[in-house]
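The structure under discussion appears below in the form of C-alpha cells.
Since the structure is predicted, the reported quantities are computational estimates derived from the model, not experimental observations. We name chains A, B, ... by the order of the sequence lines, and we start the count at 1 in each one.
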Amino acid sequence: MDNYPALIVIAPLLAALLAGLAVWIKERLSYPIALMGLAVSTFSAFKVLMQVIDSGTIQYKMAGWTPPMGIEYRIDLLNAMVLLLVSSIAFLNLLASYKSVEIETNDRAGSFYTIYLLFVTGLLGVTATGDLFNLYVLIEITSLTSYAMVALGDRDRGPLASLNYVFIGVIGASFYLLGVGYLYLKTGSLNMLDVANILSGIHGSSTVLVAFILMMIGIWIKMALFPMHVWLPNAYTYSPVAFARIVAPLMTKVMVYVMIRLLITVFGFDYVFETLNLADAVVWLATIAVLAGGVMALSQKNLKKMLTYIIVCEIGYMVGGAWLGNQLGMTGAILHILNDALMTFALFLAVGNMVYKLKTVDLIDLKGLFGKMPWTMAGFVLAAFSIIGVPPTCGFFSKWYLILGAFEAGAYHFAGALIISSLICAVLFFKVFEICFFEPMPEEHGHVDSHSHVIIEEAPVSMLIVSGFVSLSLIVVGLYSGTIVNTIILPFLK
Amino acid sequence: MTDLLPLIVAKYNYWLYVILMMIGLYAMIAKNNLIKKLVGMNIFQTAIILFYVSIGYKTDATIPIIQNAHGGQGAHSAAIHAADYINPLPHVLMLTAIVVSVATFGVAMALAVRIYQRYQTLEEDELRMRLADIGPEK
C-alpha cells in the first residue's frame, strides 16, 4: 500500500471527527475510537519508517497534484523517525490516560479525546509536510488545540495561562507567516525543495535574510527558546496531566524538528553557516538558555513546574547542537529529539501517577513517596538518570555527541554549559530523591505509630505498565543508539 | 532624509502594514485590559494578511479569471499573459490565514469569558492581585 504517509495524518483526523460525533451517541465510545485512530497512525508510521530505510525518501503527492503546484508530503529518514516517535508517544499516553482523564475533565472526556486527536494530527502534519504554508496552518492547528487543552486544566490559573500562551503563540506563528511571505516574494514558491533550489542562486539577497530571521524567531518562540520561553512553564503546569504528558515531550521537540528542517532542507547548510554569520551568536544564546533553564528549575517548589524549566534547558541543548554547524553537533541534536521526547515523557508519566494519587506535586508533598509508590518512583529515577546523562541511559549518548560537536566547533562555552547543566540536573533530582526517600511520611490524623509499615498505594495498572515500558525503553534506546545513528541519522545527514 | 522620502512613497503600502503591525504589537504588550490585547492581536494578524494581499497585486492587471475561456470569441486563440492577471495564490493563502485568525480569536474570546466568570475582571493588574489572594501556586 502506498498511502501510508497520508494515513498517518488522516487516521487521527478521522478519529477526531468520529470521537466528536460519538459524544452525542454515547460518551464512552470516544475512547476506543481515539485508541483505534492512533493505533492505525502508529502502525503506518512504523511501515513508513521501514519503507524509507529500505528504499529512500517517499514523496506523497496529495490528491495527485504534482509539486510545486500541489502540496506534497515528503518523508525522509528524519521525519520518518519523528513521525514514529510522535504517533507512538501519543498512542502510549492515551493508553495510560483513561482513568486520569475521567477524573480531571469531569464528564467532558469525549471533547478531551477529540481535541487530543486534533493536536496529534497537527503535530504529525507538521512533521510530514513538505510545504511551507501548509506547515504554518498545521502549526496553528497544534497551537489552537493546546490553547483549548491548557484551559481545561487548573480552574483558577488554566484560562489565564492559556490566554498568555495565545498571545505569545500568535506572535510566533505570525512571524513565521511573515517570513514565508518574504520567501514567497523572492521565490514564488512554497514547496520546500523548490524554494531550496531557487534560493541556492540568490544567497546574497537581503529579502532572504529577513525571511530567515523572521522564520527562525517565529519557530524559536513556538519552541520556547530562552528568553522566549515565558509562556511554557505556566501553560504546561496548569494543563490537565493527561495533556501535559504529551505536550511536554512532543510540542517543543517537533518545533526543533521544524527548525532543523528549515536549516538543512530549505535554506541549506551553505547558506546558514557560510553566507550568514549568525551561528556563533545562536550558540551563545543556546548556552545561556541551557544555564538559565537549569537555574530557574532549581528555584521551583513544584515538581511539575521544575520539569517544565528542564524542558527550557533541554531546548537549549538541541538548538545549540543544531547550530554548531558540524555533523557531530547535528547528530547530537537529532538524537536528542528522540531521547529527550522519551525522557520527558517518562518523567511526566511518573508525575502523572503522582498527581493521580496525591493531587498536588509540591516538593513537600512528596515525602516518603518511595515507600508509597515504589514502581512509579523506579520509573522516575530511571528517567531522571537519563536527563542527568548517566550511561547506559539514552540521555548520555546524545549529550556525548553534543559535547564532541561543541569541541569540534571550538564552542567550549557550550560544552561547559552542557556539563554544568548536567550537574544542576543531578542536584535537582537528588533533592527530589532525598525528599521522597529520607523524609518521613506525614502523620495522618495524629496517628503516632512509628512501627506501622507503609501501605503501597500505586496508580492504576495501565498507567504503571506504560510508565515502566517507557522507562525501560530509555535504556534500550540508549543501548541501540549506535544503530539509530548509523541507520537513520548519518545517512540523512549525508 | 531626502533619499528616504521617495522610498516611503514608492512602497507606502508596506510602510502602512509595518505601522499597523507595530500598533498591534504595542497593544498586545502595553495594554492592561485583556480585550484590548485581543484587539491588538487581531490588528497584528490583519497587518500580515494585508501584506500578503498586496504582494499579489500588479499594476494594470485584472482579476485572475481568463477572459472568454469557455468558448466565445477568441477562446484559446490569444496567448495568456501572466502580467495581465493579478497573482491569486497569496489571496487564496490568506483565506486560510483568515480562518486561522478567526479561530484563534474565538478561542481567545472564550478564554476571556472564562476568566471574567472566575474573577469578575479583565484588567491584568487586578487579575494579578486576585491570583495573589488565592495563595501560593498549587
Heavy-atom distance under 4.5 Å to chain B: side chain of A/Asn134, backbone, both or neither? neither
Sort A/Ile141 into side chain, backbone, both or neither according to what part of it lies under 4.5 angstrom from a heavy atom of chain B. neither
Run the side-chain hydrogen bond (donor to acceptor under 3.5 Å, both in side chains) check on B/Lys37 and B/Asn32 step by step: do they pass? CA-CA 8 Å; B/Lys37 284 192 170 205; B/Asn32 194 28; over 6 Å; no
Okay, A/Phe167 and chain B: the region with an atom under 4.5 Å from a heavy atom over there is both
Looking only at A/Val170, A/Val180, A/Val166, the option with the highest number of non-hydrogen pairs under 4.5 Å against chain B is A/Val170
In terms of heavy-atom pairs under 4.5 Å, which option from B/Ile115, B/Val100, B/Leu93 contacts chain A the most? B/Leu93
Using a distance-only test with no angle check, is there a side-chain donor-acceptor pair under 3.5 angstrom linking A/Asn191 and A/Glu72? yes
Would you check, one step at a time, whether the test side-chain contact (heavy atoms from CB on, under 4.5 Å) holds for B/Val102 with B/Ile98? CA-CA 6 Å; B/Val102 168; B/Ile98 289 170; 4.2 Å; yes
What's the verdict on side-chain contact (heavy atoms from CB on, under 4.5 Å) for A/Leu199 and A/Leu183, showing C-alpha distance, side-chain angles and the deciding distance? CA-CA 9 Å; A/Leu199 279 185; A/Leu183 268 193; 4.1 Å; yes
Mark yes when over 12 heavy atoms from residues, nucleotides or ligands other than B/Lys11 sit less than 6.0 Å from its NZ; otherwise mark no. no
Chain A shares the most heavy-atom pairs under 4.5 Å, among B/Leu38, B/Leu127, B/Ile29, with B/Leu38
